[in-house]
There are 2 protein chains.
Amino acid sequence: MTEAQDETGVFKALADPTRRQILEDLRGGELAAGEIAGKFPISAPSISRHLGVLKGAGLVTERRDGNRILYTLAEDRLATCIGRFLSAVCPEQIVLRHTKWRPGAQREGS
Amino acid sequence: MTEAQDETGVFKALADPTRRQILEDLRGGELAAGEIAGKFPISAPSISRHLGVLKGAGLVTERRDGNRILYTLAEDRLATCIGRFLSAVCPEQIVLRHTKWRPGAQREGS
DNA sequence: TAGATATTTAGCACATTGGCTAAATATCTA
DNA sequence: TAGATATTTAGCCAATGTGCTAAATATCTA
């Protein structure tokens, strides 16, 4: 998949207000699908599909915990993708990233 | 219109790769509709509609110059909107804005 | 004014999106 | 194993998005 299509997946995911709100809700840490669904007036299957779109765009990751499936925000992915676009269009605007240091973390290649 | 809907208009506009490319093309300064259309393999009416979407989202402005209609990128609008969302979701990522000083420019209120 | 050029508007076709309900799948618990 | 709980998958439907061509509008030029 080309980088442009990749970016399109992210921006399409961000085009829906429910999905943007899910990302904001995940800011506080991982949440189960049901916990997320409980915050919205739409059905659980619809939320499940929104989560699938976010996962497909790489904006969240999931892990199973017994009964439940927990979703986590992929901050790096979001900031990298938006930052790349913003610097391509508005070089005057710079996304400054306060990345946390993690032991053993490698710097990304190009 | 609420702020959320306002933001939705911007992200919906950014969801299409042709529209994102138009914004990048406008980075160098204003362009006529026909000049923009000449860069893409799709018809002039289709480009015209894309320009209408971008204008509706506030991401470009237009002015008539004789025969032609010239479009200009609204950098502030783009950076402000994306920056607001990014800081709502990833507070660790900050959009730094090198705004140009303009005589008589007022700082925005809240 | 007539015609050429630039652009938008109107209307059609087709694919995608986003909601729903019902059913399937996975896991836990008695 | 049977049933309860959590979640996803499948399939339907109405609305939206995006391409096209034809026609309308605006401006320039002869």
Side-chain angles (χ1 to χ4, degrees), chain A residues 1-2 4-26 29-73, chain B residues 1-2 4-26 29-73:
Chain A
M1 181 180 284
T2 73
Q5 287 170 324
D6 185 42
E7 203 168 76
T8 293
V10 170
F11 280 109
K12 282 192 166 205
L14 296 179
D16 183 272
T18 297
R19 288 194 291 264
R20 287 198 310 281
Q21 186 62 56
I22 289 173
L23 294 179
E24 289 194 34
D25 291 346
L26 286 173
E30 63 184 0
L31 292 175
E35 291 174 313
I36 295 168
K39 297 171 182 284
F40 294 90
I42 65 183
S43 69
S46 293
I47 292 295
S48 178
R49 185 153 51 181
H50 282 307
L51 289 169
V53 172
L54 290 171
K55 187 176 54 164
L59 293 174
V60 301
T61 57
E62 66 175 21
R63 72 178 179 93
R64 180 172 280 278
D65 171 40
N67 238 0
R68 309 180 309 161
I69 297 184
L70 300 176
Y71 286 87
T72 304
L73 177 63
Chain B
M1 182 179 285
T2 73
Q5 288 170 324
D6 184 43
E7 204 168 73
T8 291
V10 170
F11 281 107
K12 281 193 168 208
L14 297 179
D16 183 90
T18 298
R19 288 193 292 265
R20 288 199 309 282
Q21 186 62 55
I22 289 173
L23 295 179
E24 290 193 36
D25 291 345
L26 287 174
E30 64 185 359
L31 291 174
E35 292 173 312
I36 295 169
K39 297 170 182 284
F40 294 90
I42 64 183
S43 69
S46 292
I47 292 295
S48 178
R49 184 154 50 181
H50 282 307
L51 289 169
V53 172
L54 290 170
K55 188 175 56 165
L59 294 174
V60 301
T61 57
E62 65 175 21
R63 71 179 180 91
R64 180 172 281 278
D65 171 42
N67 236 0
R68 309 180 308 161
I69 297 184
L70 300 176
Y71 286 87
T72 304
L73 176 63

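Lettering follows sequence order; numbering is per chain, from 1.
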Exam field: side chain A:Arg19 to backbone A:His50, donor-acceptor pair closer than 3.5 Å:
no
Between the side chain of B:Arg68 and the main-chain N/O of B:Ala32, is any donor-acceptor distance below 3.5 Å?
no
How do B:Ser43 and A:Ser48 order along DNA chain D: which one's closest nucleotide is nearer the 5' end?
A:Ser48
Length of the line joining [X]:[atom1] and [N]:[atom2], which is rounded to integer Å:
X	N	atom1	atom2	value
B:Leu70	C:dT7	CG	C1'	12 Å
A:Phe40	C:dC20	CZ	C1'	17 Å
B:Leu51	C:dT8	CG	C1'	11 Å
A:Ile47	C:dG19	CD1	P	7 Å
A:Leu31	D:dT7	CG	P	11 Å
A:Ile69	C:dA26	CD1	P	10 Å
B:Leu14	D:dT18	CG	P	12 Å
B:Ile42	D:dC20	CD1	C1'	11 Å

Option passing side chain to side chain contact (heavy atoms under 4.5 Å, CB included) with A:Lys39 (candidates A:Thr18, A:Asp25, A:Ile22):
A:Asp25
Partner of B:Val60 under side chain to side chain contact (heavy atoms under 4.5 Å, CB included), picked from B:Val53, B:Leu70, B:Leu26, B:Thr72, is B:Leu26
Under 4.0 Å, heavy atoms only, any strand: does B:Ala15 hit a base, just the sugar-phosphate, or nothing?
nothing
How would you label the contact of A:Ala37 with the nucleic acid (heavy atoms, under 4.0 Å): base, sugar-phosphate, or nothing?
nothing
Spatial distance of atom CG (A:Leu23) from atom CG (A:Leu59) [nearest 0.5 Å]:
6.0 Å
Would you name the heavy atoms of [X] and [Y] that are closest together and state the gap between them?
X	Y	result
A:Tyr71	A:Ala33	CE1-CB, 4.0 Å
A:Ala37	A:Ala44	CB-CA, 4.3 Å
B:Gly9	B:Ala57	O-CB, 3.6 Å

Between C:dT21, D:dT21, D:dG19, which one does the side chain of B:Pro45 approach most closely?
D:dT21
Strand partner of [N], provided both Watson-Crick or wobble distances fall under 3.5 Å:
N	result
C:dG11	D:dC20
C:dT1	D:dA30
D:dC12	C:dG19
D:dA6	C:dT25

Any side-chain N or O of A:Tyr71 under 4.0 Å from OP1/OP2 of D:dT8?
yes
Between B:His50 and D:dG19, does any side-chain N or O lie under 4.0 Å from OP1 or OP2?
yes
Residues of residues 60-68 of chain A with any non-hydrogen atom less than 4.0 angstrom from an atom of DNA chain C: list those, numerically ordered, please.
A:Arg64, A:Gly66, A:Asn67
Donor-acceptor pair present, A:Arg49 side chain and C:dG19 base, under 3.5 Å:
yes
Got B:Phe11 and A:Lys12 here, is their nearest side-chain heavy-atom distance under 4.5 Å?
no
Verify the distance criterion only: is there a donor paired with an acceptor across the side chains of A:Arg20 and B:Thr8 at less than 3.5 Å?
yes
Each nucleotide N or O in nucleotides 13-16 of chain D that has a protein N or O under 3.5 Å away: list the pair and distance.
none

